[in-house]
2 protein chains.
Amino acid sequence: MTVTLADVAARARVSAATVSRVLNGNYPVAEATRERVLRAVDELDYVLNGPASSLAAATSDLVGILVNDIADPFFGIMAGAAQSEIGESGAEDDTGRAGAGSGSGRAGSSGRVTSAGRTGSSGRAGGEKLAVVCNTGGSPERELTYLTLLQRQRAAAVILTGGAVEDPAHQAAISAKLTKLADAGTRVVLCGRPPLAGGEAVVAALAFDNRGGARRLTEHLLALGHTRIGYVAGPAERTTTRHRLEGHRDAMQAAGLGGGAGGGAGDGPGGGLDGGERAGAEPGGARGAYDEERLTVHGLYDRRSGYVATLELLRREPEVTAIVAANDTVALGACAAIRERGLRIPEDVSVAGFDDLPFSVDAVPALTTVRLPLFEAGARAGRLAMGKETPPPGGIATIGAELMVRGSTAPPRVDTAVPGR
Amino acid sequence: MTVTLADVAARARVSAATVSRVLNGNYPVAEATRERVLRAVDELDYVLNGPASSLAAATSDLVGILVNDIADPFFGIMAGAAQSEIGESGAEDDTGRAGAGSGSGRAGSSGRVTSAGRTGSSGRAGGEKLAVVCNTGGSPERELTYLTLLQRQRAAAVILTGGAVEDPAHQAAISAKLTKLADAGTRVVLCGRPPLAGGEAVVAALAFDNRGGARRLTEHLLALGHTRIGYVAGPAERTTTRHRLEGHRDAMQAAGLGGGAGGGAGDGPGGGLDGGERAGAEPGGARGAYDEERLTVHGLYDRRSGYVATLELLRREPEVTAIVAANDTVALGACAAIRERGLRIPEDVSVAGFDDLPFSVDAVPALTTVRLPLFEAGARAGRLAMGKETPPPGGIATIGAELMVRGSTAPPRVDTAVPGR
DNA sequence: CTGTTAGCGCATTCAT
DNA sequence: ATGAATGCGCTAACAG
């Protein structure tokens with residue numbers, strides 16, 4: 001029924017071993033026989049049996065990329081970049097770049113279609129790796145499950161993207177799993193995720209400077225003259241959320257607006273997920289740590305959360321003149337909430353996001369945000385996973401975050417600065 | 001070094017066969033031994049060898065989902081939905097839904113973390129399928145390559161999403177490849193992609209009613225009083241582009257505004273990718289087929305293309321009162337271009353998109369568009385791929401597209417209706 | 001350079 | 001209900 005190596009060997013009048021050698025290309029073979037084999041392969045339309053190959057070689061060509069939310073461009077961009085570095089066999093930097101601008105449907109590619117019948121249809125496809133992305137949905141369980149599945153497949157490499165959940169038990173479980181993967185020869189790379197405690201198992205960890213970016217963003221707002229800044233944070237248990245929040249509070253404190261306590265590193269996020277428990281906080285009340293918590297609302301990294309949280313923020317403190325969102329998507333929801341309350345952006349309330357996703361520049365007004373080089377980071381992670389690039393010293397690299405000032409932030413209204421209004 | 005079935009068997013004092021049976025659960029095993037085996041598995045921290053298992057069983061638990069652009073939420077939403085149906089072992093409809101709103105970072109999940117140490121770490125993970133998404137970048141070659149890679153892995157199922165490239169050679173190559181996959185036992189499902197010519201190889205094809213949706217959208221514009229409607233189309237060679245364009249032209253013709261020729265089905269898209277070749281077309285010139293082409297500009301399915309194409313459209317015909325974009329992302333670019341020219345939306349120019357991606361409702365003004373039930377379609381494709389749902393009659397189902405009228409479309413300015421202005 | 005020989009780890013017959 | 005054998009298709013030593 002299905003064509004095997006032996007069939008090809010017979011057709012080409014060589015041994016199975018020889019066929020294997022030409023297919024894998026990692027062994028000297030006479031040019032003559034080589035061509036004969038290749039022809040037989042094409043004629044028989046032979047396709048290598050992956051499982052058999054992996055079993056014998058004890059390695060597979062599978063490379064897994066774990067993401068929290070595949071519908072979020074934040075992850076899509078990183079995953080796509082990584083995949084482009086992995087899919088191509090080292091060469092063809094061109095095609096990799098093509099996917100950069102999140103552009104789909106390459107228009108000019110139809111001309112090369114005919115050649116595809118040759119490149120793609122036959123079973124040989126050089127050292128092609130199968131780069132696949134797995135959607136964890138942000139669930140620790142699914143993350144572990146996927147890791148096990150990948151381990152089962154003897155994956156060649158695994159790339160973990162996005163912030164981690166700060167649960168000790170889960171951290172430990174992940175760490176243990178990654179160690180086992182590494183022991184089995186799988187290359188593990190972290191992208192946009194803080195380094196592990198005992199990071200020996202990991203080839204490299206690329207961490208975003210969330211804290212620094214957040215700090216610069218809030219400093220920008222402070223320089224504009226804002227003092228009552230609301231913060232719509234992400235899920236409390238994620239590292240990304242904590243780091244961005246810390247950066248924000250660092251800046252607030254430096255400006256003498258934050259609470260002295262709780263500003264340092266390592267403290268768990270304090271705010272509850274849904275507010276409303278502290279009743280009757282008088283507007284324009286005390287500053288400091290109290291305000292800090294009162295002006296922080298946690299939610300998910302999606303639009304709806306931004307909308308809901310902003311409404312809550314506006315309710316708690318109608319005098320806010322600026323709102324910093326956990327990311328651009330959340331910022332969009334915040335904008336919707338602000339407008340719905342009849343306020344203008346940025347005249348009445350400034351809004352800022354994080355990530356600088358493609359749509360941010362198209363918001364009206366364009367969103368002030370912090371740019372994360374997602375594509376570059378993803379591509380680098382891909383190369384690291386393939387061993388095409390040497391890891392940074394210590395296996396850890398911090399990736400810069402650049403402040404992008406645009407139309408959604410402006411100085412606060414003058415009359416708002418007057419106490420009591 | 002690595003723990004094998006035999007090790008587990010020895011530890012549990014049974015034969016390897018028995019261990020295999022408990023692990024696969026598809027064979028009667030005494031409860032006592034069963035537990036003994038399971039304990040041994042946990043104690044030894046055994047992880048099944050996927051390749052070996054697949055080789056022996058001649059099937060794997062890999063399910064591939066092909067997308068054109070992973071950074072595009074259009075695909076991300078479908079892929080995520082499909083993956084949620086595939087990943088979970090039939091049950092737990094709840095978790096599947098959780099990913100719906102494109103929400104990442106499930107906030108409430110930390111409570112269940114500890115249980116993960118049990119569910120996820122051990123080698124057994126019931127009939128878990130490994131749902132993976134592969135990013136083709138819209139390139140036919142990569143599409144074929146991925147299909148080959150998946151074939152090599154003896155994938156259990158493959159889901160192809162998004163419009164196809166209308167190149168006969170490529171169509172044939174894909175068809176042939178899918179037939180081979182089906183012959184090898186792989187279940188093939190098409191999602192948001194038109195049925196194949198000889199569709200026997202395919203379990204089911206879920207096609208979006210792009211044509212109908214586009215027609216209704218343009219009818220809406222016509223009802224509003226627009227007559228000069230620019231169309232920013234996608235890549236000329238894709239089915240999605242053609243179908244949407246045809247729907248648009250159908251509506252135009254029905255209103256007596258389209259050219260008699262070229263309106264029917266099956267004609268290749270006429271407009272060149274970059275215009276400007278026909279010089280000095282006098283404004284307010286002849287209607288009909290001529291205008292139809294003049295008012296159509298092709299580009300990619302991304303924001304930049306929408307921006308550039310709209311600028312071109314505005315140059316060719318400053319009197320356009322409405323612009324229909326290939327999709328929402330393109331519409332965003334169109335909006336940017338329109339504003340840059342000092343025009344207001346919708347007062348001066350109405351804008352419409354397609355797909356109704358999450359961000360569309362947040363555009364200012366909110367985007368009139370055509371809603372495609374991406375999540376539902378993806379989920380259904382996932383179930384079809386898993387054999388959890390019976391295919392529609394004939395294996396083909398058309399998925400409705402619903403017009404969403406929002407703020408970005410309005411009647412044209414009265415003075416614009418005056419000829420010569 | 002090429003052919004021969006052994007397994008890789010597991011799922012299945014077939015027995016019992 | 002369980003154990004013993006057989007082979008899935010391929011790669012990797014070894015010869016030669």
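The pair Arg39(A)-Glu43(A) meets the salt-bridge criterion, since a charged nitrogen lies less than 4.0 angstrom from a carboxylate oxygen. A salt bridge between Glu143(A) and Arg193(A) is present, with a side-chain N of the basic residue lying under 4.0 Å from a carboxylate O of the acidic one.
Minimum interatomic distance between Pro51(A) and Asn49(A) (heavy atoms only, all atoms of both residues): CD-OD1, 3.0 Å.
Side chain of Val14(B), nearest nucleotide from dC1(C), dG3(D), dG3(C): dG3(D).
Arg142(A) CZ to Thr148(A) OG1: the interatomic distance, rounded to the nearest 0.5 Å, is 13.5 Å.
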- Check against side chain to side chain contact (heavy atoms under 4.5 Å, CB included), Arg11(A) and Asp7(A): CA-CA 6 Å; Arg11(A) 190 93 156 75; Asp7(A) 298 328; over 6 Å; no
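The side chain of Thr33(B) places no N or O atom within less than 4.0 Å of a non-bridging phosphate oxygen (OP1 or OP2) of dA1(D).
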- How does each nucleotide of nucleotides 9-16 of chain C score, in 5' to 3' order, for protein heavy atoms under 4.0 Å: base (B), sugar-phosphate only (S), or none (-)? BBBBB---
